[in-house]
**Student:** 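Structure provided below as structure tokens; questions to follow.
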Amino acid sequence: MFPAASLLAFSFLAVAYGQQVGTQTAETHPALTWQTCTASGTCTNVAGSVTLDANWRWLHSTSGYNNCYTGNTWDATLCPDATTCAANCALDGADYTGTYGVTTSGNALTLKFVTSGANKNVGSRLYLMADASHYELFHLLNQEFSFDVDVSQLPCGLNGALYFSEMDADGGAAKYPTNKAGAKYGTGYCDSQCPRDLKFIDGKANSVGWTPDSNSANSGKGANGSCCNEMDIWEANSISAAVTPHPCNVNGQTLCTGTDCTGGMCDPAGCDFNSYRMGVTNFYGPGSGFTLDTTKKITVITQFFTSDGTNTGTLSEIRRIYIQGGKVVQNSNVNIPGIDVGNSITEKFCTQQKAAFDDTNTFEQKGGLAAQGGAFGRGVVLVLSIWDDYAVNMLWLDSDYPTTADPTAPGVARGTCATTSGAPADVESKSPNAQFGPIGSTWGTGPGTSSVGSTSTTSTTSSTSKSTSTTSTTSSTSKSTTTTTTSSTSKSTSTTTSSTSKSTSTTTTSTSTSNGASQTKWGQCGGIGYNGPTACTGSKCTYSNPYYSQCL
């Protein structure tokens, strides 16, 4: 996620990581059904649930109702130091619907951007649960993850995000005994931005050196941050979309201080693939003039190939495929001088991109795809969020950024939004009903399903989808699957992961078609709506689902 400062500065109430457990509101996790799928296409329903991130919850004294954190400041009496604060303050249960605008129905999850009740709440962040006190861990090596999404109501400045972070499954409760709340109450967050606006880290308050933000009435920054590997599957609105790995040189959630929080441990920039930024300005956007029309539902498939085709190999390539209107759409090819034509993320692509855009290659410095794959092997947590950006108004996703750079220089233009767009005050007042959620079917598993599949040897698709929108939606970071909802901080809702073990082919870019009537290895060779070659050169056309067969 980028940038760090803006992700969780949104709740009107005292939003904070509480380490004790309050008793004012019972914590009942909203149920959410998803699926696990095998390579053969067999899917099994899983009765899951989601929990709200602790930074959005009410933090109050253990003995009563006094806020430990109000506006963007700590109570000096309850929190004179980090350890005492953790002992004095309790994190309470959430009124998911009334306060936060979070509702579920079957495999559908709806996240409302602005909720006005007794207090105003903006945005939310949720995690998929394995049980009442543990996050679901996903192992993505040699796997495929898919979800359906509707971003039609997400304007400039909003971000519906679905991503994975290398958090502890129990929220850090075992490592840090002062953390009594654990994953049940959404503790233990971390990402590649090493956010310092978390109220509690490692079981202690982040109150020491806390500085209130000048542009937000609810957030600030402490002396410490929380770092970990992060894989952004989907950061998008109706104008632009990006897929971005962010490696770190540490394993799991790690506290940082000083310069370690600003690039010492992790790569906050990542190696992104944004079609607009990669030189194809008519690939993604609202209307029939774009290859992918964001006024309509989109199925998003992300594949994680390893160098040896096993679930324990080194991550070597990240590929993206879409389905819209019953047709498989390959990711756009790069159209930037100095970067080889291709449509996937490999080490070579990242090295060339950094050089072409004159960016420091922190991706390589922090371990690149291998480090990201290491996190996948250890297990990562699915995060669903909808948010606006107090730091730079989301311009890094959908406009010209940096704003001081020549917009014609390679890598500066990321979308068509004006550089004056995206101010949170404008977004929150003009798009308060925005919702973000997944819709409909997952890749090859039928409408309204989501799944996370176990890996196997042949290619399959499906992923852990969780629908966040209303009606039959499943899927990740976008939400509302029906009409006008746009959404911002919520994130994935329907994901379905499926094994897809695909022998990894090193750095080849997705499915290129050979000259003539045959398809190269890894290329598409069949499926509903497909009109290309059906014969394979040096491989066999293998059925994955009704929409996709691949040369393997």
Side-chain angles (χ1 to χ4, degrees), residues 8-32 47-75 78-79 85-105 109-135 170-173 178-189 197-200 203 205-207 217-219 383-386 435 468 489-491:
L8 35 82
F10 308 129
S11 176
F12 180 79
L13 286 172
V15 287
Y17 273 107
Q19 300 312 110
Q20 306 300 315
V21 175
T23 59
Q24 307 303 330
T25 301
E27 174 62 19
T28 303
H29 295 148
L32 189 64
S49 63
V50 292
T51 191
L52 180 72
D53 182 288
N55 233 50
W56 270 259
R57 295 172 183 267
W58 180 26
L59 184 68
H60 59 83
S61 64
T62 56
S63 59
Y65 301 91
N66 293 332
N67 288 343
C68 290
Y69 181 91
T70 302
N72 54 17
T73 59
W74 293 88
D75 183 282
L78 291 170
C79 295
C85 188
N88 287 342
C89 298
L91 187 67
D92 227 303
D95 177 357
Y96 282 84
T97 302
T99 301
Y100 302 102
V102 175
T103 57
T104 62
S105 177
L109 167 67
T110 300
L111 302 183
K112 188 176 180 181
F113 180 42
V114 177
T115 304
S116 297
N119 296 283
K120 178 182 177 181
N121 177 75
V122 180
S124 59
R125 183 168 63 212
L126 293 99
Y127 310 111
L128 180 65
M129 303 295 288
D131 56 44
S133 57
H134 293 85
Y135 301 128
D170 65 357
T178 53
N179 179 357
K180 305 300 183 183
K184 180 177 181 178
Y185 291 85
T187 70
Y189 182 72
D197 48 359
L198 302 180
K199 307 306 184 294
F200 278 79
N206 195 19
S207 54
N218 303 305
S219 67
V383 188
L384 311 97
S385 166
I386 180 169
Q435 297 176 5
T468 88
T489 153
S490 115
K491 247 102 188 212

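Computed from heavy atoms alone, side chains included, the values below leave out hydrogens, waters and symmetry copies.
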**Student:** List the atom of N179, the atom of T187, and the distance in Å for their closest heavy-atom pair.
**Tutor:**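 Scanning both residues completely, I find the closest heavy atoms to be ND2-OG1, 3.1 Å.
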**Student:** Nearest heavy-atom pair of L111 and V102: which atoms, and what distance?
**Tutor:** CD2-CG2, 3.6 Å
**Student:** With K112 as the cation and Y100 as the aromatic partner, state whether NZ or CZ is under 6.0 Å from the six-membered ring centre and within 45° of the axis.
**Tutor:**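 Checked: cation-pi criterion not met.
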**Student:** Of the non-hydrogen atoms in C89 and L59, which two are nearest, and what is the gap between them?
**Tutor:** CB-CD1, 3.8 Å
**Student:** Tell me, do H134 and M129 make a side-chain contact under 4.5 Å, heavy atoms counted?
**Tutor:** no
**Student:** Nearest heavy-atom pair of V122 and W56: which atoms, and what distance?
**Tutor:**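 Shortest heavy-atom contact: O-NE1, 3.4 Å.
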**Student:** Given side chain to side chain contact (heavy atoms under 4.5 Å, CB included), test N72 with S219 step by step and report yes or no.
**Tutor:** CA-CA 5 Å; N72 54 17; S219 67; 5.5 Å; no
**Student:** Between R125 and V383, does the side chain to side chain contact (heavy atoms under 4.5 Å, CB included) criterion hold? Intermediate values first, please.
**Tutor:** CA-CA 7 Å; R125 183 168 63 212; V383 188; 3.5 Å; yes
**Student:** Once rounded to the nearest 0.5 Å, what's the spacing between atom NE2 of H29 and atom OG of S133?
**Tutor:**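 The NE2 atom of H29 sits 9.0 Å away from the OG atom of S133.
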**Student:** What are the two closest heavy atoms between L128 and V50, and how far apart are they?
**Tutor:**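 Shortest heavy-atom separation between L128 and V50 comes out as CA-CG1, 4.4 Å.
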**Student:** Without swapping roles, check the side chain of E27 against the backbone of D92 for a donor-acceptor pair under 3.5 Å.
**Tutor:**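 Checked: no pair found.
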**Student:** Is a side-chain donor-acceptor pair under 3.5 Å present for R57 with T51?
**Tutor:** yes
**Student:** Is there a disulfide (SG to SG under 2.5 Å) between C79 and C68 once you walk through the steps?
**Tutor:** CA-CA 7 Å; C79 295; C68 290; 4.7 Å; no
**Student:** Check the pair N67, W58 against side chain to side chain contact (heavy atoms under 4.5 Å, CB included), reporting the backbone distance first and the verdict last.
**Tutor:** CA-CA 8 Å; N67 288 343; W58 180 26; 2.8 Å; yes
**Student:** Please determine, by modelled atom types, if Y127 and D53 share a side-chain donor-acceptor pair under 3.5 angstrom.
**Tutor:** yes
**Student:** Please report the shortest heavy-atom distance between L198 and Y189, naming the atom on each side.
**Tutor:** CD1-O, 3.4 Å
**Student:** Is any side-chain heavy atom of N121 closer than 4.5 Å to one of V114?
**Tutor:** no
**Student:** Checking T178 side chain against G203 main chain: does a donor-acceptor pair fall under 3.5 Å?
**Tutor:** yes
**Student:** Would you say that D75 contacts Y69 through its side chain, given a criterion of any heavy-atom pair below 4.5 Å between the two side chains?
**Tutor:**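 Not touching, per the 4.5 Å side-chain cut-off.
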